[in-house]
Amino acid sequence: HIGIIGSGLGGISAALAIINMQKARRESSSAAASTTYQITIYERDKSFSDRKEGYGMTLTYDSNGPLQKLGVLEEVASRDCPSRCHYLFTTNGIIKGYFGNAFYKEEEEEEKSKKHDSNITKRGVGQRGNLRIPRSELRAILWNALKSNDVDNNVSISFGKRLVHYIDRAMMDKLCQIGKQCGKAANRAKEQNAVLLTFEDGTTAEVDLLIGADGVNSVVAKQYLQNTLPTKSKDQQKDETADTTSSPRQIGIFIMLGITNHFHPLIDERGFYTLDGFHRLFIMPFEGSRMASSGRR
């Protein structure tokens, strides 16, 4: 029984990868298929739509990459919004530079002339390099793929479950043996699942393996790092600039992301940067284009 904390991209991808692995083993060897994975995803939100997912993502089209291994690459590519060129502006609108396959015309003509092939083109529908898709769409694609591949109904999701802490019983058993104070506690631990989860609503659950996919402020990661990494020495406590790996450090860079339905010619199959030396505003399209058959913007 595998427990996954978080139903975001990481959590759903982890579950999908496990199900795909089990499916591949079943198809390749009957002996290897004897292990069955029961997966429970614990999500603090009350539903998938409990919070707005207001930003987009730029992914890489890679036939050997993670999207392909998860079996969703072409589905993601079909949702891609073409972005053929990007401009770089100063704050007063002066063009500092530009790039993208929209500017490949002269290079294409030269290559066609050399190879005597009029069909050569570097433009096409989209770019097989970057894929632009809203996070909510990517999450839906991964979730649908998980449901489709979970033919044995081994995956379930439990909403409204905010993890408070977990107990690693296997580690407690080892510490007990080291302290030579095993007794009944160690015997009970052997009869229970390896990890005990406690949630904010007072309920508990037991799993054999715990996967923390609960974001940058992960409860799982925080507790794990506190238990496995050495604490600060007295010298480190005095030196506030000391590098400590037990917690994130703010380095003074902020990123604000969002999606708007505003349309402008500068983001029709293109994007642009505005730079002032300290800040960068980057706008790109995530839905529709002049080539879209549906005519969506």
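We number each residue from 1, following the sequence as shown.
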| task | Start with the C-alpha gap between Thr36 and Gln22, add the side-chain angles, then the distance that decides, and say whether side-chain contact (heavy atoms from CB on, under 4.5 Å) holds. | result | CA-CA 8 Å; Thr36 300; Gln22 183 171 303; 4.3 Å; yes

Straight-line distance of [X] [atom1] to [Y] [atom2], nearest 0.5 Å:
| X | Y | atom1 | atom2 | answer |
| --- | --- | --- | --- | --- |
| Leu142 | Leu67 | CG | CG | 7.5 Å |
| Leu88 | His86 | CG | NE2 | 9.5 Å |
| Asp80 | Leu59 | CG | CG | 9.0 Å |
| Ile5 | Leu210 | CD1 | CG | 5.5 Å |
| Leu163 | Leu197 | CG | CG | 6.0 Å |
| Glu206 | Asn193 | CD | CG | 4.5 Å |

Could you tell me whether the side chain of [Y] reaches within less than 4.5 Å of the side chain of [X], counting heavy atoms only?
| X | Y | answer |
| --- | --- | --- |
| Val164 | Val219 | no |
| Leu138 | Val76 | yes |
| Leu275 | Leu281 | no |
| Val195 | Arg169 | no |
| Asp45 | Arg162 | no |
| Ile157 | Thr40 | no |
| Gln226 | Tyr224 | no |
| Gln38 | Ile2 | no |

| note | Sorted by chain and residue number, the side chain to side chain donor-acceptor pair (under 3.5 Å) partners of Asp201 (sequence neighbours excluded) come out as Lys161, Thr203

Do any N or O atoms from the side chain of [X] and from the backbone of [Y] form a donor-acceptor pair under 3.5 angstrom?
| X | Y | value |
| --- | --- | --- |
| Asp208 | His1 | yes |
| Asn130 | Thr60 | no |
| Arg135 | Gly8 | no |
| Glu137 | Arg79 | no |
| Ser218 | Asp214 | no |
| Ser78 | Glu75 | yes |

| query | How about Leu257: does its CG atom have over 12 heavy atoms from other parts shown lying under 6.0 Å from it? | reply | yes

Contact summary for [X] and [Y], nearest pair of heavy atoms:
| X | Y | result |
| --- | --- | --- |
| Ile95 | Tyr98 | CG2-CD2, 4.1 Å |
| Gly271 | Ser83 | N-OG, 3.9 Å |
| Ile253 | Gln250 | N-OE1, 3.5 Å |
| Thr91 | Asp276 | CG2-CB, 3.5 Å |
| Ala213 | Ile4 | CB-CG2, 4.3 Å |
| Tyr42 | Ala205 | OH-CB, 3.4 Å |

Give a yes or no on whether [X] and [Y] share a hydrophobic cluster (residues Ile, Leu, Val, Met, Phe, Trp, Tyr; joining criterion: side-chain heavy atoms under 4.5 Å apart).
| X | Y | answer |
| --- | --- | --- |
| Phe282 | Phe254 | no |
| Leu9 | Ile259 | no |
| Trp143 | Tyr37 | yes |

| query | Are Arg51 and Arg44 close enough, and set up right, to give a side-chain contact (heavy atoms from CB on, under 4.5 Å), and what steps lead you there? | reply | CA-CA 11 Å; Arg51 284 183 293 167; Arg44 67 178 184 176; 3.0 Å; yes

| Are the aromatic ring centres of Phe159 and Phe48 under 6.0 angstrom apart? |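 Ring-ring flag for Phe159/Phe48: true, centres closer than 6.0 Å.
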
| request: Examine Phe89 together with Tyr273 and report whether their ring centres are nearer than 6.0 Å. | output: no

| For Arg139 and Ser7, does a side-chain donor sit closer than 3.5 Å to a side-chain acceptor? |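 A donor-acceptor contact under 3.5 Å links the two side chains.
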
| Tyr61 and Gln68 side chains, donor-acceptor separation under 3.5 Å | no

| request: Apply side-chain contact (heavy atoms from CB on, under 4.5 Å) to Tyr166 and Val220, showing your working. | output: CA-CA 8 Å; Tyr166 69 89; Val220 178; 4.2 Å; yes

| message | Pair Thr204, Leu196 - check side-chain contact (heavy atoms from CB on, under 4.5 Å), show working. | response | CA-CA 7 Å; Thr204 61; Leu196 174 65; 4.0 Å; yes

| query | With sequence neighbours left out, which residue pairs that include part of residues 146-160 fulfil the salt bridge (Lys or Arg N to Asp or Glu O under 4.0 Å) condition? | reply |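 Residue pairs passing salt bridge (Lys or Arg N to Asp or Glu O under 4.0 Å), neighbours aside: Arg26-Asp152.
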
